[in-house]
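Residue numbers start from 1 in every chain, and the chains themselves are labelled A, B, ... in the order their sequence lines are given, proteins ahead of strands.
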Amino acid sequence: MFNPVSSRISFPAMEEKVLDFWKRQDIFNKSVKQREGKKRFVFYEGPPFANGNPGIHHVLARVYKDVIVRYQEMKGHYVPRIAGWDTHGLPVELEIERQLGFSSKAEIEKYGVEEFNRRCRESVFKYVKEWNYLTERIAYWVDLDHAYKTMDNTYVESVWWALKQMWDKDYIYQGYKVTPHCPRCGTSLSSHEVALGYQDDTEDPSVYIKFRTHLKSAQGSPALERVRALVADKKTYLLAWTTTPWTLPGNTALAVAADAEYVVLEHEGEYLIFADALRGQVGLGTNPVVERLSGKELVGVEYEPLFNPHDFGIERRRFETRSDLVVQKPDKDLVYRVIATDFVSMEDGTGIVHSAPAYGEVDFQAGQEKSLDFVHTVDLQGNITGTYPFTGKFVKEADPLVTADLKKRGLLFKAETIRHTYPFCWRCDAPLLYYAKQTWYIRTTAVKDRMLKGNQKINWYPEHIKTGRFGNWLENNVDWGFARERYWGTPLPFWRCEKCNATECVGSVEELRQKPGFTGFREPLDLHRPYMDDVSFTCGKCGGKMKRTPEVMDCWFDSGSMPFAQLHYPFENKELFDKEMKQADYICEGVDQTRGWFYSLHAISTLLFDRPSFKNCICLELFLDADGKKMSKSRGNAVDPIQIVNRNGADALRWYCYTSAPPGMVRRFDTQLVTDVTRQFLLTLWNVYSFFVTYANIDKFTPDPSKTVKDVPELDRWILSELNQMVKEVNTEMENYDPTGAGRRIEEFMDDLSNWYVRRSRRRFWKSENDTDKLSAYNTLYHCLVTLVKLMAPFAPFIAEELYQNLVRSVDGSAPESVHLADYPSADESIIDPDLSLDTHLAMRVSSLGRAARSQAGIKVRQPLAKVLVHVASKRDREGLERLAPQVLEELNVKTVEFVEAVEELNNRECIACTEGELSVAVSKGISPELAAEGLAREIVHRLQTMRRNAGFEIADYITTHYQGDDHVRQVMRGFADYVKQETLSRQLVEGAPVEGAHTETHKLAGHSITLGVKKIGS
RNA sequence: GGGCCAUUAGCUCAGUUGGUUAGAGCACAGUCCUGAUAAGACUGGGGUCUGUGGUUCGAAUCCACAAUGGCCCA
């Protein structure tokens, strides 16, 4: 006996019960352990931050990770998976700063790094309960108890090891980088933070500056010589434009577009040079053009600096290599030169761009490429340094002073204001400055080709990521600036001698301990700041004191080290990693990770091991809200996954995630659609299941593999063929990392099973004789359900478990304890019968058209008709249909089927036809008295069935039926007595007024009044 | 400013190498069926396949440009 199943079901309540079962029986651990020794399927869990509540997109990621991993496990692989947490980084620090009301690093230092980091450490697991709860509730099976944390000493040590490897390979160097810098917070901002603070309509100066030139040039092209001769008598200037006058003292080059045309114009007794295309915009559209020359010809032309840095106590340095800045000697006659770059706009300005390598990223790159001078005139607080008239002023206050100074010296063409978009610090509203700072780099460009080559081996889902987003990103690879001037992060393991500047990289705790003169570890050991700042040892070169460089690591380096750092490699688990875990078979995260985790994994793996870190990667796109807007906490449109789970259940949410759209596509999240999944898919499955259990219990059906049926009926052969075809395809889709395709395929099968197989088989289950046909039906439906349940287990683990426990475990104690310990079904292809499948679908279409024809004729299906006329496209179709005629006859409630050669015939007869393509189906309209009588009998049966239910009888209860009516009614009841008795489980049909206590109703059917009474036998 | 993705019915999505009249589910309306009943079937309305060009005998599909939305990077 199966446990009785109600057709009413609360999925969330059922899921809670199943969760409890898994927990009690430790099913997850058993599922992993039972595959020990089998081929390993390696999955890397990308560590999330647990300092905020998990959102719906986290659910998406987790269920996509889960479905593949569960599938692989059921396919027989050994798939241990460890959870992980990202714990370092600026977001954590910002949260603490917010709590403490800080807005600058100075405040943190004053407060104390020790206490600050203690708070950071505490806060990273603030929401870990919520994370763990949701993780378990949606049945993402991952080992939460042994989760790796990027802040663990063992983890940090592995990261140090990785860095040391790169150090030894000479991949690490110090160089400059331009970053968006908040002068008040004293720190760089990540691009994400910058994006938070853009303000439209910011008013800024718009100034046109004149740079004095004598048109001398090292190359001295003929055209240039000509122009020089022409303008020799008057002062000549290169006209440039800027919105940041404070950067002008840092100017070391002017940039032109090589292919653009430039003009020499006369204006108020002077000559001005700028782009022809911008004459009108500059306001000199009518001034006479003295000469023209191309940008190319201007390259190399010398001009006088607006402010010679040496006159104002500022150091002038020059890019000797891309990373080395070398101090230059004072030069009273300092000149700078015109360069050509590809970032010169012909849309605004003058076509000559003022370039200050210290204050702009493109300027900086130009500085590196063209070995420009590098002049820093602003400190990290945004104040002007040196001895300028405006020294000590904040840059924005210096703007008008710089402009005024230039005007006084006749170097200003004009000054206006402009409204544009400019980034501000999202915390303190200070304008951000693009500012060059010295920082540490990993020479990723050295392995760019290897990374590109490795990328070719990765299977990306969707595919376009490979050559698109990720490929492009690799193509444009620049060295990785991995240091952060912050507090809560993996400390850089670089120690520098105070005396001789020698720098060493330390690759392990033990190595550090062994250093001569080592001092500074505290117990318990904590490899974070400020403790590591106290660690020092003796310089191997000069005997000086080695102090740690103050920076911490970009937290992307942390997470990218996860494959080995989670194992404390190479200090532990060396063999395990080298032999089995060195490459993930599968990872899955949001597509925003292409430049985040995907990149850091790939880059670190290439640098250290010269191989890609992962083989298959599903990139998930975002959920938008129901209106297509981005979800965000501030907008208040974020969906709370727990609410959805509590209302619809985790299976519904999971199934929705898999099937509603391909994961790589942006999609809208509509809670209504999750409800639809429940109704359309899960509830349908539940109905089939409860139908099966209800009748199986009535008939005391027990699955028994030895009780097979010899000649399996066609309908059963058909659904078994469909089942195996589906199993085959689902396996293929899953191997291809396509749970969407697989899930949708399962839905299709469910539709076939429910709306054709069960619908067509219902009578077979309630016929009272226990014949072989009935056994075959039970065997077949049982097999379908059990297979389906296993097939669905990775997708909808709860309902699969619930059904499995009742269908399999309750009757077979030797079966695996859980569906998740079972093997994944594989197809028996010998059972697949494509012809039968084709024919059945034809029968379905014929039935559909037949019903449409009946509908048009206005004749109920309950009324039997003499015949259905069918026209098919081919002889093959006709033969197939003839074979399946019984199903069609029953479905359409007609006596015979007749095939016609010509469609026209259908219209010549007393019938109504419906056509779809080459297929036409017609039903005869004529109803003989015999057919009418049979129709009435069926009508009466229908009423009796309804009355049985209204009276509250059980499906298997036997009854006595009383009836009272006219002659015709009596005749019909006598003529169809056996039929009525069988259908309604009536032992007796008694003519006359219903007895006392019977459920009684009076109906008017086909013009005849009839009174019916039903009474349960024995009551 | 650059890159990538998307745009098909009111909504969510299919639509294979270009090839009959572009489909499904939901929603809406009507009808039916019902011993799966908080299901099911049929019918109907609803489409400029985002737009404009191009390639082709033929384009939702291929190409170019544009618009809108989204993501990533400047």
Asks: Nearest 0.5 Å, please: how far is CD in A:Glu722 from CH2 in A:Trp756?
Replies: 12.5 Å
Asks: Pairing check on B:rA64: which nucleotide meets the Watson-Crick or G-U wobble criteria with it, both distances under 3.5 Å?
Replies: B:rU52
Asks: Write down the distance between CG (A:Asn477) and C1' (B:rC73), rounded to a whole number of angstrom.
Replies: 14 Å
Asks: What's the CZ-P distance between A:Arg469 and B:rG70, to the nearest Å?
Replies: 14 Å
Asks: Could you let me know what B:rA59 is paired to, Watson-Crick or G-U wobble, both distances under 3.5 Å, or none if it's on its own?
Replies: none
Asks: Please report the distance separating the C1' of B:rU12 from the corresponding atom of B:rU8, rounded so that it comes out in whole Å.
Replies: 12 Å
Asks: What distance, rounded to whole Å, do you find between the two C1' atoms, one in B:rA9 and one in B:rC71?
Replies: 28 Å
Asks: Between atom OH in A:Tyr461 and atom C1' in B:rC4, what is the gap in whole Å?
Replies: 20 Å
Asks: Taking B:rG23 as the reference, what is the distance to B:rU68 when you measure between their C1' atoms (whole Å, please)?
Replies: 25 Å
Asks: Partner of B:rG25 by Watson-Crick or G-U wobble geometry, both contacts under 3.5 Å, or none?
Replies: B:rC11
Asks: Taking atom CD as the centre, does A:Glu369 end up with more than 12 heavy-atom neighbours from other residues, nucleotides or ligands that are less than 6.0 angstrom away?
Replies: yes
Asks: Return whichever of A:Leu622 or A:Thr984 has its heavy-atom-nearest nucleotide of RNA chain B closer to the 5' end.
Replies: A:Thr984
Asks: In whole Å, what is the span from the OH atom of A:Tyr757 to the C1' atom of B:rA41?
Replies: 20 Å
Asks: A:Arg948 near the nucleic acid: base, sugar-phosphate alone, or nothing, with a heavy-atom cut-off under 4.0 Å?
Replies: base
Asks: Measuring from the side chain of A:Arg595 (C-beta onward, heavy atoms only), which nucleotide among B:rA27, B:rG40, B:rC73 has the closest atom?
Replies: B:rC73
Asks: Send over the distance from A:Leu683 CG to B:rC26 P, rounded to a whole Å.
Replies: 13 Å
Asks: Using the C1' atom as the reference point in each nucleotide, state the distance between B:rU43 and B:rU56 in Å, no decimals.
Replies: 39 Å
Asks: Kindly point out which of B:rG70, B:rC72, B:rG25 is positioned nearest to the side chain of A:Asp592?
Replies: B:rC72
Asks: From B:rC33, B:rG70, B:rA27, pick the nucleotide closest to the side chain of A:Lys860?
Replies: B:rC33
Asks: Out of the candidates A:Phe691, A:Phe692, A:Trp686, only one should pair with A:Tyr689 under the side chain to side chain contact (heavy atoms under 4.5 Å, CB included) rule; please name it.
Replies: A:Trp686
Asks: Looking only at the side chain of A:Val861 (C-beta and beyond, no hydrogens), which of the listed nucleotides B:rG70, B:rC33, B:rG25 gets closest?
Replies: B:rC33
Asks: If you assign each of A:Val941 and A:Trp473 to its closest nucleotide in RNA chain B, which residue comes earlier from the 5' end?
Replies: A:Val941
Asks: How long is the span from the OH atom in A:Tyr599 to the CD atom in A:Gln593, to the nearest 0.5 Å?
Replies: 14.5 Å
Asks: Base, sugar-phosphate or nothing for A:Tyr695? Non-hydrogen atoms, less than 4.0 Å.
Replies: base
Asks: Partner of B:rU16 by Watson-Crick or G-U wobble geometry, both contacts under 3.5 Å, or none?
Replies: none
Asks: Does OP1 or OP2 of B:rC72 have a side-chain N or O of A:Asn472 closer than 4.0 Å?
Replies: no
Asks: Between atom CZ in A:Phe681 and atom P in B:rC26, what is the gap in whole Å?
Replies: 15 Å
Asks: Work out which heavy atom in A:Tyr64 is nearest to a heavy atom in A:Pro739; give both atom names and the distance.
Replies: CE2-CG, 3.7 Å
Asks: Give the rounded distance in Å between these two atoms: NE2 of A:His942 and C1' of B:rG40.
Replies: 14 Å
Asks: Rounding to an integer number of angstrom, what distance separates B:rG10 and B:rG45 when you compare their C1' atoms?
Replies: 12 Å
Asks: Could you measure between the two P atoms, the one in B:rG25 and the one in B:rG70, and give it in whole Å?
Replies: 32 Å
Asks: Nearest whole Å is fine: how far is B:rA74 P from A:Asn476 CG?
Replies: 11 Å
Asks: Between A:Asp479 and A:Thr445, does any side-chain donor sit less than 3.5 Å from a side-chain acceptor?
Replies: yes
Asks: Around A:Gln456, counting heavy atoms of other residues, nucleotides and ligands shown, do more than 12 lie under 6.0 Å from its CD?
Replies: yes
Asks: Could you grab the distance from atom CG of A:Leu653 to atom CZ of A:Phe11, nearest 0.5 Å is fine?
Replies: 14.0 Å
Asks: Should A:Tyr656 and A:Phe669 be marked as a ring-ring contact (aromatic ring centres under 6.0 Å, His included) after you check the CA-CA gap, both sets of side-chain angles, and the distance that decides it?
Replies: CA-CA 10 Å; A:Tyr656 169 78; A:Phe669 189 94; 5.3 Å; yes
Asks: Could you list the protein-to-nucleotides 42-45 of chain B atom pairs, N/O on both sides, closer than 3.5 Å?
Replies:
from: B:rC42; atom 1: OP1; to: A:Ser848; atom 2: OG; distance (Å): 3.2

Asks: Quick one: list whatever passes side chain to side chain contact (heavy atoms under 4.5 Å, CB included) with A:Glu1001, sequence neighbours left out.
Replies: A:Met947, A:Asn950, A:His999, A:His1003
Asks: Partner lookup for B:rG1, please. Criteria are Watson-Crick or G-U wobble with both distances under 3.5 angstrom; report none if nothing qualifies.
Replies: B:rC73
Asks: Between B:rG53 and B:rG46, how many Å separate the two P atoms, rounded to a whole number?
Replies: 27 Å
Asks: What integer number of Å spans the C1' atoms of B:rC13 and B:rC57?
Replies: 33 Å
Asks: Could you tell me whether A:Arg987 sits above the aromatic face of A:Tyr958, with NZ or CZ closer than 6.0 angstrom to the six-membered ring centre and within 45 degrees of the axis?
Replies: yes
Asks: Ignoring the backbone of A:Arg862, work out which of B:rC33, B:rG40, B:rC4 is nearest its side chain.
Replies: B:rC33
Asks: If only side-chain N and O atoms count, and only distance matters, is there a donor-acceptor pair under 3.5 Å linking A:Arg667 with A:Ser660?
Replies: yes
Asks: What is the per-nucleotide protein-contact pattern of nucleotides 5-19 of chain B, from the 5' end, where B denotes a base atom under 4.0 Å from a protein heavy atom, S denotes such proximity for sugar-phosphate atoms only, and - denotes neither?
Replies: S------SSS-----
